[in-house]
Colleague: 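Below you will find the structure I want to go over with you.
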Amino acid sequence: MQKAIRKVKLSTTENEKRRVAIIFSLPAVIFSMFLILYPLLDIFYLSFKNIKFFGAVNIPKGFTISNYERILTSGHFWNAMGRTLFYTIIVVIIAFVLGFALALLLNLNMKYKRVFRIMILLAWPIPGVVVSILFMWMFDANFGVINSVLRNFNIIAQNVPWLVNTSTAFPTVMIATIWKAYPFFTLMLLAGLQGIPLELYESAKIDGAGAYKRFKHITFPALEQVIAISLLLNGLWVFRNYDLIAVMTGGGPNRATETLPLLLYNEAFKFSRLGSGSAIGVLSLMVCTIVVILFLPALKKQFY
Amino acid sequence: MRKSLTLVLSVLLVLSLFAGCGQNQPAEPAPTNTAKAEPTATAAPTSTPVPEKSLKDIETTLEFPSWQATEPGFAEFWAYSIAEFNKEFPKVKINLYQIPYANYVDTLTTQFAAKTPPQITHIPSKFFTQFQDMGWFENLDNMMAQTDILQNWTKMQGGMQVDGKNYGLLLLGNAYSMFYNKKMLADAGLSVPKNIKEVQEAAQKLTKKDSKGNIEVFGFGTTSITHNGVFTGISQFIVGEGSHWSNPDGSLKSTDPGLIQAINDYKYFYDNKLIPLGITEEQKRQYFAEEKIAIIFDGPWVVSLLNKASEEVRSHIDLTSIPFSTLCGSLSNSVHIASAISDDEKALVWEFYKVLASPAAQTKYAEFTNSPAPRAGAITEELQKKNPYLLQMSQDANNGVDITPPGLAKNYNEFTKLVIDAVLNMTSDPKNTAEDMLTKLEKELKETLK
């Protein structure tokens with residue numbers, strides 16, 4: 001008798017591997033989601049509450065959009081938003097150009113390459129507060145080294161109160177931020193440059209491509225994904241940067257350097273308006289979300 | 001691309017919904033004065049302390065977080081006080097532990113919010129109103145009435161009161177003193193200034209320029225960048241000259257001639273370029289220690305900084321009472337009893353505070369910390385020999401008037417921010433007047449507090 005032909009369902013190795021991977025990563029994912037989602041949901045919740053302080057004994061019942069009304073009709077908020085976007089865009093562009101130029105330089109074969117790399121990347125691990133204090137003293141209006149050097153070169157006649165004038169305070173803070181931000185670009189782009197196969201350049205040279213064409217058709221496209229990731233990460237860092245500005249100027253003079261993170265901190269913790277602070281947090285998050293969404297296509301691009 | 005655009009448009013739509021659509025959900029108004037509101041914890045009323053006999057039988061641990069647990073001077077004081085307390089209550093363990101100052105208030109807030117406050121609550125006094133507003137502190141009047149504390153304590157204890165009731169025990173209130181470089185004064189043939197006009201004249205003569213016209217020594221120093229020190233600096237003048245920012249109801253005294261005069265006296269230093277611009281409190285003290293500033297107004301903590309300066313510089317520095325008709329000061333730190341703890345714990349904590357407030361402990365406080373103890377008579381002759389400044393600082397502190405603006409303690413942070421911005425704006429141009437500054441400040445204050 002012929003045996004009935006059974007249809008055998010084969011479980012693929014790929015499916016099994018995927019399932020095992022999911023099971024092993026599930027605890028970490030759940031924990032991370034809890035750490036990320038819970039505070040996020042809490043902030044959303046608080047932004048609709050008229051709450052002054054964490055642990056307030058008498059929290060009003062019911063929800064309200066008065067925090068959002070207050071913030072969105074406040075001139076200070078829109079000024080801070082404009083300032084933050086300007087600050088982020090300019091700092092990121094300059095830091096990127098500087099970082100990229102240094103990465104290209106460090107990618108060359110030269111003597112003492114390692115020493116130069118260490119010196120250039122030194123700024124990155126220095127905490128923001130330390131950088132702020134450094135620049136505060138350098139730009140000190142009375143005895144700072146910047147004024148001293150500029151006077152010696154006859155670029156200025158009198159000391160400039162960099163952090164006191166509303167017109168010079170913001171550029172000064174931006175300079176400090178650029179100094180803190182560029183090493184990250186250098187690091188990321190240098191790693192990306194070192195991942196580009198040399199054969200591509202050799203082939204291009206053989207085909208007669210000059211330096212500019214090699215950069216345009218090989219280097220830049222190969223680095224697109226790295227550029228996108230580094231712009232996004234550093235951009236988000238600059239956008240939410242608090243310590244550099246808080247220590248250098250405290251958001252002054254006269255709010256001239258008050259960005260969204262400082263406004264948020266003041267509302268939530270200085271003025272005990274946690275609801276308003278949370279609303280600013282939610283709105284900032286939305287702006288960042290839009291930026292991340294816009295960057296998504298660039299993150300998906302592959303050169304190889 | 002289409003998906004990304006859809007996502008972006010969705011986010012923008014949600015944003016625009018926040019901007020004006022929808023109705024307000026009526027929220028139940030929060031009680032305005034939590035000094036009257038009873039806390040929701042199960043604390044019993046503070047009428048009668050538990051009899052001592054039963055307290056000595058209690059075996060428990062009192063949690064005591066502090067940012068001073070390991071700070072030199074203060075650590076010794078706490079160790080002494082705990083040892084003294086344990087002589088009476090050997091079964092009670094006090095667990096003193098360090099929390100860094102930067103995280104301190106957040107940590108304490110979390111503990112209170114979780115209804116697990118520390119039994120011994122030690123806070124920087126600038127947060128007192130905020131914490132008290134949450135209904136977190138116990139009224140100490142009945143307990144204090146059975147001691148001699150209020151009769152012998154610094155006047156600044158008033159800062160621990162809400163509606164005339166005490167909700168804390170002030171551990172340190174400072175008066176501001178005038179620190180000056182006596183060598184610079186002597187070299188310029190000047191005597192120690194006794195009033196603000198003399199300080200202004202001395203500052204003029206002591207401000208020196210180099211060959212290129214840049215100032216290398218400033219006659220006077222005060223915080224001149226967005227920093228709380230700006231508020232402190234101008235308030236020293238205002239309170240010192242017998243005025244105040246506000247009336248008891250919190251309204252600004254925008255047309256008060258005394259207030260305007262005080263502000264103009266402060267502005268004088270800016271208008272005549274006698275102070276360094278763009279400096280923080282810390283930079284002010286650093287400049288003073290490096291003899292780049294001749295005169296500053298500051299608190300007793302400057303003594304510790306000056307002790308690190310060179311021997312030569314230390315010999316040039318001296319201090320005296322701030323040269324105003326009224327001694328002004330500020331509250332530093334205080335102890336409280338959380339309303340959420342049990343009656344037994346409240347009673348034990350009060351016994352510990354009685355030890356802190358005792359004459360012997362107060363003398364030890366001054367000795368270990370070099371700070372003015374709040375109890376009158378705590379500075380002995382022996383202590384005076386060790387720290388000649390201590391008696392002066394203690395006497396000034398005991399007679400000091402707190403610079404906190406009347407009626408605005410609950411909105412202290414907002415008010416100080418508005419003042420800092422207004423003052424820096426005023427001092428940026430000699431043409432700006434005190435009257436204009438006060439008018440704008442009044443308007444912004446009303447707008448902020450509505």
Side-chain angles (χ1 to χ4, degrees), chain A residues 48-66 68-69 71-73 136-137 139-144 147 151 157-159 161-166 169 248-255 257 266 269-273 279 282-283 286-287 289-290 293-294 296-297, chain B residues 1 3-4 7-8 11-12 14-15 18-20 22-31 34 37 39-41 106 109-115 130 133-136 212-216 218 224-227 276-280 283 287 292 410-411 413-414 417 420-422 424-425 428 448:
Chain A
F48 289 101
K49 283 285 198 186
N50 188 10
I51 180 172
K52 290 172 86 175
F53 209 73
F54 279 118
V57 172
N58 297 303
I59 301 173
K61 289 181 185 167
F63 294 96
T64 174
I65 61 166
S66 60
Y68 286 98
E69 280 180 349
I71 292 300
L72 290 168
T73 54
M136 235 168 62
W137 280 105
F139 279 96
D140 181 57
N142 314 288
F143 305 108
N147 274 333
R151 275 196 341 260
Q158 294 285 319
N159 284 338
W162 300 100
L163 295 170
V164 177
N165 285 345
T166 49
M248 279 184 85
T249 59
N254 281 319
R255 295 180 186 256
T257 58
N266 287 340
F269 302 110
K270 264 194 173 172
F271 306 152
S272 297
R273 286 198 284 258
V282 169
L283 294 168
M286 289 191 163
V287 171
T289 306
I290 292 172
I293 291 167
L294 290 171
L296 278 175
Chain B
M1 189 63 187
K3 267 188 197 169
S4 305
L7 272 167
V8 168
V11 170
L12 284 171
V14 171
L15 262 174
F18 285 142
Q23 290 173 345
N24 262 343
Q25 297 293 331
E28 282 178 26
T34 52
T40 53
D106 290 342
T109 307
T110 310
Q111 290 178 342
F112 272 91
K115 307 255 189 322
Q130 211 166 290
D133 218 29
M134 298 297 125
W136 287 342
K212 291 182 183 173
N214 290 299
I215 300 174
E216 50 182 16
F218 294 89
S224 47
I225 200 168
T226 304
H227 190 279
L277 293 179
I279 60 169
T280 61
Q283 283 176 304
Y287 280 17
K292 291 188 166 72
K410 281 185 198 173
N411 307 105
N413 287 329
E414 286 132 306
K417 176 137 177 58
I420 290 164
D421 287 346
L424 290 178
N425 191 39
S428 64
T448 304

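Throughout, protein chains are lettered first and strands after them, A, B, ... in sequence-line order, and every chain is numbered starting at 1. Values below: all heavy atoms of this structure, side chains included; hydrogens, waters and symmetry mates excluded.
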Colleague: Measure B/Thr280 against the heavy atoms of chain A and call it side chain, backbone, both or neither at under 4.5 Å.
Modeller: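 Only the side chain of B/Thr280 comes within 4.5 Å of chain A.
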Colleague: Side chain, backbone, both or neither: which part of B/Ile225 has a non-hydrogen atom closer than 4.5 Å to chain A?
Modeller: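 Side chain only.
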Colleague: Please determine, among B/Ile420, B/Thr110, B/Asn214, the option with the most heavy-atom pairs under 4.5 Å with chain A.
Modeller: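 That would be B/Asn214.
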Colleague: Flag the one option from A/Asn147, A/Thr249, A/Leu163 with the top tally of heavy-atom pairs under 4.5 Å to chain B.
Modeller: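 Between A/Asn147, A/Thr249, A/Leu163, the count favours A/Thr249.
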Colleague: Any sub-3.5 Å donor-acceptor pair from A/Asn142's side-chain atoms to B/Leu277's backbone N or O?
Modeller: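 Yes.
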Colleague: If you take all heavy atoms of A/Gly250 and B/Thr226, which pair is closest and at what distance?
Modeller: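 Scanning both residues, the minimum pair turns out to be O-CG2, 3.9 Å.
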Colleague: By a 4.5 Å heavy-atom criterion (distance strictly below it), what part of A/Ala157 contacts chain B: side chain, backbone, both, or neither?
Modeller: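 Backbone of A/Ala157 only, per the 4.5 Å heavy-atom cut-off to chain B.
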Colleague: If we only count heavy atoms from C-beta on, is the B/Thr448 to A/Phe271 side-chain gap below 4.5 Å?
Modeller: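 Counting from C-beta outward, B/Thr448 and A/Phe271 never come under 4.5 Å.
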Colleague: Do A/Asp140 and B/Ile279 make a side-chain contact, defined as non-hydrogen atoms from C-beta onward lying under 4.5 Å apart?
Modeller: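 Touching, per the 4.5 Å side-chain cut-off.
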Colleague: Could you pull out the closest heavy-atom pair between B/Ser224 and A/Val164, with the gap in Å?
Modeller: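 Between these two residues, the closest heavy atoms are O-CG2, 4.1 Å.
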Colleague: Are B/Lys292 and A/Phe143 in a cation-pi contact, defined as NZ or CZ under 6.0 Å from the six-membered ring centre and within 45° of the axis?
Modeller: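 Geometry flag: set, cation within 6.0 Å and 45°.
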